[in-house]
Amino acid sequence: MFDTTQGEIRVALDTENTPETVNNFVVLARYGYYDGTPVFRTDTSIGIIQGGGQDNTSDPGYTIPDELTGAESYGPRV
């Protein structure tokens, strides 16, 4: 659950198909990485809400492997 200035957002984390991605997200959240960051992109046509940094170039200083094989089931990648 995220508390935003526009209300609460609830999400489901897919631990079965993306365990490393979920773990990474949870660790960053627990350490406050996302605190005070804006949601800078929404697109209802592909079901995306993007945030977690000041813009789409922000990162925590490392990368993790992409676990989404068959990402088409989650909508197109942009």
Side-chain angles (χ1 to χ4, degrees):
M1 175 179 63
F2 299 92
D3 290 318
T4 75
T5 58
Q6 299 298 307
E8 185 179 280
I9 298 173
R10 291 181 178 259
V11 298
L13 302 176
D14 187 354
T15 57
E16 183 177 330
N17 293 308
T18 59
E20 297 299 321
T21 301
V22 169
N23 182 66
N24 184 65
F25 174 79
V26 170
V27 168
L28 289 172
R30 286 184 177 161
Y31 281 96
Y33 179 79
Y34 304 111
D35 293 358
T37 61
V39 171
F40 52 82
R41 177 181 176 214
T42 62
D43 188 334
T44 56
S45 72
I46 60 172
I48 189 171
I49 299 173
Q50 189 175 3
Q54 293 306 310
D55 56 39
N56 68 343
T57 63
S58 299
D59 66 59
Y62 61 89
T63 59
I64 61 172
D66 183 355
E67 295 177 294
L68 285 180
T69 57
E72 63 278 355
S73 64
Y74 292 91
R77 291 182 138 173
V78 198

Linked, directly or transitively: Ile64 and Leu28 (ILVMFWY side chains, under 4.5 Å) |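 The answer is yes; both residues are in one hydrophobic cluster.
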*Between Phe25 and Ile9, is there a shared hydrophobic cluster once you connect ILVMFWY residues whose side-chain heavy atoms come closer than 4.5 Å?*
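Yes, Phe25 and Ile9 fall within the same hydrophobic cluster.
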Could I get the full list of side chain to side chain donor-acceptor pair (under 3.5 Å) partners for [X], not counting sequence neighbours?
| X | value |
| --- | --- |
| Gln6 | none |
| Asp43 | Ser45 |
| Thr44 | none |

* Please, which pairs that meet side chain to side chain donor-acceptor pair (under 3.5 Å) have at least one residue in residues 24-40, sequence neighbours excluded? ->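 Qualifying pairs: Asn24-Tyr62.
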Could you work out, with side-chain contact (heavy atoms from CB on, under 4.5 Å) as the rule, every residue matching Gln50, not counting sequence neighbours?
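Here the qualifying residues are Phe40, Arg41, Ile48, Asn56.
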Identify the heavy atoms of Pro65 and Thr21 that sit nearest to each other, and give their distance.
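Shortest heavy-atom contact: O-OG1, 4.4 Å.
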**Message:** Going by the rule salt bridge (Lys or Arg N to Asp or Glu O under 4.0 Å), which residues pair with Glu16 if we only count those two or more places apart in sequence or in a different chain?
**Reply:**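 If we apply the salt bridge (Lys or Arg N to Asp or Glu O under 4.0 Å) test to Glu16, skipping adjacent residues, there are no hits.
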